[in-house]
Amino acid sequence: MKKILITGGAGFIGSHVVRRFVQNYPDYQIVNLDKLTYAGNLANLTDIENAPNYRFVKEDITDAVAMSDLFGKENFDAVIHLAAESHVDRSITDPTAFVMTNVIGTVNLLNAAREHWKGEYDQKRFYHVSTDEVYGALGEEGMFTETTAYDPHSPYSASKASSDHFVRAYHDTYGMDCVISNCSNNYGSHHFPEKLIPLAINNIKNNKPVPVYGKGENVRDWLWVEDHARAIDVIFHQSKTGDTYNIGGHNEWKNIDLIHLLCEIMDEKLGREKGESAKLITYVTDRAGHDLRYAIDSTKLQNQLAWVPSLQFEEGLAKTVDWYLQNEAWLNNVTSGNYQSYYDKQYSEK
Ligand SMILES: NC(=O)c1ccc[n+]([C@@H]2O[C@H](COP(=O)([O-])OP(=O)(O)OC[C@H]3O[C@@H](n4cnc5c(N)ncnc54)[C@H](O)[C@@H]3O)[C@@H](O)[C@H]2O)c1
């Protein structure tokens, strides 16, 4: 029996990680801690919310006292830490929120673990989920490896880089068992429609302009979210202490090519004439400091822990479109913000 704290489990990737652990490890108790910001949605987890090995706790990782109390009460065996402010555009508007949650929140969790796991560090694990954006931008060539120097450019990536450094420092300084993974862009179901792929699907569906930054030349390496959750599972169980793994799909796409592919899939799924959805593409002023290209070399993970991505991008994208078209209520609820007013009422006593 293990008790695992998963933070940010009501978000996009976190909900896939929570579902995987609840379903695959019935002898683990999974505690999902989430503040339920605009990006956190318990409707992402309705299929497992009544599982006997699952529990939800509404807390804010920026609250150091609450984190220490929780660790004192629960005796967790491990933490898988995903809670974060995650949208680059929002970090440009309000960097401080990113420092608070991504840096201070991570340090609060590390301190709570350090305090309550003392004497047992070799039996406890702190797994920090991070991003490839900490490595900065690539030119036309090359890939990020685990030894690429950090060079973050946006307030989001700077805050994630900072949190990675703190996690490594707690391993090196206090001997805590810490592990980090840095993953490329994820796509799949339950993705909040402010991010490129779900935003485009939603706008194409509603015949609204599909905004593309600059000339759409930016390149991202896309990974099916369930492959990320499986990588986290493998690394969590098999990684050496203090180790780092890059996770990526070897699947680079220019934004504009990706949007064209999405438009083709949507034309077919919605019974539109070929080329109709692509008419919605609208070029908008580029994001400030927009990194040109990310590409992840995940050879270490593939060779050492035998993980490989399971889905081709075309297949994964078609599955993703199907999910959004079949889950209209989820999408409408999220875009209208109804779930937020529900949570405001539901948790107003806190
Ligand atoms: N989305 C990607 O493509 C991607 C790629 C690599 C790494 N990551 C990392 O994976 C993690 C999850 O990303 P995501 O895309 O699922 O993000 P998300 O924005 O969908 O979810 C983040 C979750 O964290 C919760 N949260 C935010 N602030 C909190 C706080 N102060 N206390 C407690 N909970 C809080 C939110 O309510 C939400 O449920 C992040 O750490 C992110 O940096 C994301």
Side-chain angles (χ1 to χ4, degrees), residues 5-19 31-45 56-64 66-67 70 79-91 94 96-109 112 127-135 144 152 154-164 167 180-198 220-229 231-232 245-249 251 294 296 298 334 339-340 343 347 350:
L5 175 69
I6 300 184
T7 69
F12 167 46
I13 301 169
S15 63
H16 286 274
V17 175
V18 165
R19 178 176 300 99
V31 178
N32 169 15
L33 180 154
D34 201 295
K35 181 184 171 183
L36 300 179
T37 66
Y38 77 95
N41 184 358
L42 289 176
N44 294 351
L45 291 165
F56 173 69
V57 178
K58 186 178 184 305
E59 282 293 357
D60 184 339
I61 61 170
T62 66
D63 184 339
M67 290 308 101
L70 186 73
V79 174
I80 304 178
H81 174 38
L82 296 106
E85 287 292 342
S86 69
H87 191 40
V88 176
D89 290 346
R90 288 181 189 253
S91 83
D94 180 13
T96 307
F98 285 67
V99 176
M100 291 310 296
T101 288
N102 299 359
V103 186
I104 306 291
T106 302
V107 172
N108 286 342
L109 287 168
Y127 184 147
H128 178 59
V129 175
S130 192
T131 166
D132 62 352
E133 301 191 28
V134 297
Y135 297 123
F144 300 131
S154 71
Y156 164 66
S157 54
S159 69
K160 291 297 290 188
S162 172
S163 64
D164 291 11
V167 173
I180 300 176
S181 57
N182 298 84
C183 189
S184 60
N185 283 47
N186 285 213
Y187 71 96
S189 69
H190 303 93
H191 203 179
F192 192 81
E194 66 182 352
K195 306 275 172 79
L196 182 68
I197 291 179
R220 298 292 179 263
D221 178 353
W222 292 93
L223 181 71
W224 174 240
V225 64
E226 291 182 30
D227 282 334
H228 187 187
I232 289 172
Y245 285 90
N246 279 354
I247 311 171
N251 177 44
Y294 302 143
I296 271 266
S298 58
V334 167
Y339 71 105
Q340 271 293 318
Y343 292 144
Y347 295 106
K350 281 221 75 183

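Whatever order the structure lists them in is the order used to number ligands and atoms, beginning at 1. Heavy atoms only: backbone and side chains are in, while hydrogens, waters and symmetry mates are out.
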Would you say S15 contacts ligand 1, with heavy atoms under 4.0 Å as the rule?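 Contact absent.
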Report yes or no: does V129 have a heavy atom closer than 4.0 Å to ligand 1?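 V129: in contact with ligand 1 (<4.0 Å).
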Name all residues meeting the side-chain hydrogen bond (donor to acceptor under 3.5 Å, both in side chains) criterion together with N108; count only those two or more places apart in sequence or in a different chain, and write none if there are none.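 If we apply the side-chain hydrogen bond (donor to acceptor under 3.5 Å, both in side chains) test to N108, skipping adjacent residues, there are no hits.
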Listed partners of N246 passing side-chain hydrogen bond (donor to acceptor under 3.5 Å, both in side chains), at least two apart: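 N246 satisfies side-chain hydrogen bond (donor to acceptor under 3.5 Å, both in side chains) with Y135 once adjacent residues are dropped.
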Kindly give the heavy-atom pair with the smallest separation between T62 and M100, and that separation in Å.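 What the structure gives for the nearest pair is CG2-O, 3.4 Å.
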Purely on distance, is any nitrogen or oxygen of T101 under 3.5 Å from one on ligand 1?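 Right, the criterion is met.
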Flag H191 as yes when one of its N or O atoms lies below 3.5 Å from any N or O atom of ligand 1, and as no otherwise.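 No, no N or O pair falls under 3.5 Å.
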The one among [options] that brings a heavy atom closest to [atom]:
atom	options	answer
atom 43 (O) of ligand 1	Y187, Y156, F98	Y156
atom 35 (C) of ligand 1	H87, K35, R220, H81	K35
atom 22 (C) of ligand 1	S86, A84, G8	A84

Give the intermediate values and the outcome of side chain to side chain donor-acceptor pair (under 3.5 Å) for residues H16 and S189. CA-CA 9 Å; H16 286 274; S189 69; 3.3 Å; yes
Say whether, by atom type as modelled, one donor and one acceptor occur between the side chain of [X] and the main chain of [Y] under 3.5 angstrom.
X	Y	value
T101	E85	no
S91	Y156	yes
N32	G9	yes

Should the proximity of D60 to ligand 1, defined as any heavy atom under 4.0 Å, be assigned to the side chain, the backbone, both, or neither?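 The part of D60 near ligand 1 is both the backbone and the side chain.
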Region of K160 engaging ligand 1 - heavy atom pairs below 4.0 Å: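 Side chain only.
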